[in-house]
Amino acid sequence: MRIATWNINSAKARQARLIEWLDRAAPDVVCLQETKLSDDAFLELFDEDLFRRGYRIAHHGDGRWNGVAILSRGSLDNVVRGLPGGPGFPGPEPRAIAATCDGIRVWSLYVPNGRTVDDPHYAYKLTWLAALRDVVVAESARGPLMTLGDFNIAPTDADVWDVAQFEGATHVTPAERSALAALVDAGLTDVLRARWPDDVVYTYWDYRQLCFPKNYGMRIDLTLATADVAERVCAVWVDRAARKGTGTSDHAPVVVDLDTAPDGDVGPMVPPPSSRGSSSRGSSGRSTSSDSLRQR
DNA sequence: ATGGCTAATGATATTAGA
């Protein structure tokens with residue numbers, strides 16, 4: 001099973017690139033952030049192309065800013081839009097969506113930026129992360145879980161190209177890193193860093209000043225997983241090719257390949273037959289052993 | 001090859017990104 005996350009910085013501006021990337025990378029599950037579209041507008045642009053490729057769609061957006069989605073070629077059940085118990089600014093913003101995909105509870109997240117440490121958005125970011133931790137604690141007790149997306153936090157100084165550039169800035173503060181550590185304490189593993197402990201790996205490069213060619217980047221798009229998922233990881237990488245050329249997002253996708261669950265057991269998060277199909281097309285809402293064997 | 005910001009908007013400047 002291949003699961004990926006990508007902040008595409010406008011699904012409308014990235015329409016052709018997203019489809020090309022799906023055909024090239026062939027992910028089974030995709031978490032998107034910053035679609036910057038309403039639910040209706042997203043479907044208008046993508047429903048046909050994604051349906052033809054076998055993807056079901058769960059989108060949560062209200063138009064100009066934010067916007068998150070999950071696409072799945074397998075099951076896409078028990079969709080939740082928004083972060084339960086999370087703060088707004090001042091009202092709720094579309095920064096989180098969850099679905100159960102082939103036995104894994106998947107969250108696509110766009111954590112608030114924070115802007116500057118003295119901006120109200122910074123306190124909002126920390127409160128939002130605390131609410132996320134509560135959700136992770138509650139849901140990870142029930143089965144396999146992943147949180148993927150743009151966390152707007154560089155976990156360590158090794159995750160920015162020059163820490164001196166971030167003196168006093170958001171994304172690297174102890175409070176933000178503590179909020180991230182609380183997710184790790186709740187049982188999540190940063191599976192990219194676990195696989196590549198000593199490598200320079202970035203997922204975001206500013207559009208300005210040749211940052212990408214110089215590899216002046218940050219690793220802020222994270223893939224966190226409970227232990228039962230983390231131990232299935234075969235490979236994790238950043239698809240830098242998606243950042244090359246013109247008309248790209250300023251983020252690159254992060255891709256995670258998972259081995260089949262032991263004995264085809266996809267875990268207890270799979271809903272019973274009575275709650276199937278509330279959010280998806282097609283007939284297969286429940287994963288079975290044979291489904292698992294069909295996964296790449 | 002990867003090139004000196006980009007996208008959306010009640011646009012012609014502003015907000016937001018990080």
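Naming: A, B, ... by sequence-line order, numbering from 1 per chain.
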To the nearest Å, how far apart are A:Tyr216 OH and B:dT2 C1'?
14 Å
Between P of B:dT15 and CZ of A:Phe89, the distance in whole Å:
14 Å
All pairs passing ring-ring contact (aromatic ring centres under 6.0 Å, His included) where residues 217-243 of chain A contributes a residue, at least two apart:
none
Can you tell me, in whole Å, how much space there is between the C1' of B:dT15 and that of B:dA11?
12 Å
Just to verify, what does A:Arg64 make a side-chain hydrogen bond (donor to acceptor under 3.5 Å, both in side chains) with, not counting sequence neighbours?
none
Does A:Asp257 come within less than 4.0 Å of A:Arg232, counting only side-chain N to carboxylate O?
no
Find the distance A:Lys125:NZ to B:dA16:C1' and express it as a whole number of Å.
14 Å
Sequence-distant partners of A:His251, ring-ring contact (aromatic ring centres under 6.0 Å, His included), two or more places apart:
A:Tyr204
Take atom CG of A:Asp159 and atom C1' of B:dA18, then tell me their distance rounded to the nearest Å.
15 Å
A:Tyr202 meets the ring-ring contact (aromatic ring centres under 6.0 Å, His included) criterion, sequence neighbours left out, with none
Below 3.5 Å, can you tabulate the donor-acceptor pairs from side chains in residues 130-138 of chain A to any protein atom, sequence neighbours excluded?
none

Can you check the A:Arg243 CZ to B:dA18 C1' distance for me, whole Å?
13 Å
Show me the pairs that pass salt bridge (Lys or Arg N to Asp or Glu O under 4.0 Å) and involve residues 107-126 of chain A, at least two apart or across chains.
A:Lys125-A:Glu176
Atom C1', compared across B:dA18 and B:dT6: separation rounded to whole Å:
13 Å
Would you kindly confirm whether A:Phe151 and A:Trp196 end up in one hydrophobic cluster when ILVMFWY residues are joined by side chain heavy atoms under 4.5 Å apart?
no
What one-letter contact string describes nucleotides 4-11 of chain B from 5' to 3', where B marks a base within less than 4.0 Å of any protein heavy atom, S marks contact via sugar-phosphate atoms alone, and - marks no contact?
SBSSBS--
Provide the distance between the two C1' atoms, one in B:dA8 and one in B:dG3, to the nearest whole Å.
25 Å
Set of residues satisfying ring-ring contact (aromatic ring centres under 6.0 Å, His included) with respect to A:Tyr216, sequence neighbours excluded
A:Trp161
Which side-chain hydrogen bond (donor to acceptor under 3.5 Å, both in side chains) pairs, counting each pair once, include a residue from residues 181-190 of chain A, with sequence neighbours left out?
A:Asp190-A:Arg219
What parts of residues 107-117 of chain A reach DNA chain B, counting only heavy atoms under 4.0 Å away?
A:Tyr110, A:Asn113, A:Arg115
Apply ring-ring contact (aromatic ring centres under 6.0 Å, His included) to A:Tyr207 and list each qualifying residue two or more places apart in sequence or on a separate chain.
none
Please work out which residues in residues 160-179 of chain A have a non-hydrogen atom less than 4.0 Å from an atom of DNA chain B and list them by number.
A:His171
Would you tell me if any nitrogen or oxygen in the side chain of A:His251 comes within less than 4.0 Å of OP1 or OP2 on B:dA18?
yes
Please state how far atom CG in A:Asp119 lies from atom C1' in B:dA16, giving the value in whole angstrom units.
11 Å
How many whole angstroms separate atom CD of A:Glu34 from atom P of B:dG17?
7 Å
Side chains of A:Thr173 and A:Ile153: closer than 4.5 Å at any heavy-atom pair?
no
Measure the distance from CD1 on A:Ile153 to C1' on B:dA18 and round it to the nearest whole Å.
13 Å
Could you measure between the two P atoms, the one in B:dG10 and the one in B:dG4, and give it in whole Å?
29 Å
Is B:dG4 in the syn range, within 90° of 0, or in the anti range?
anti
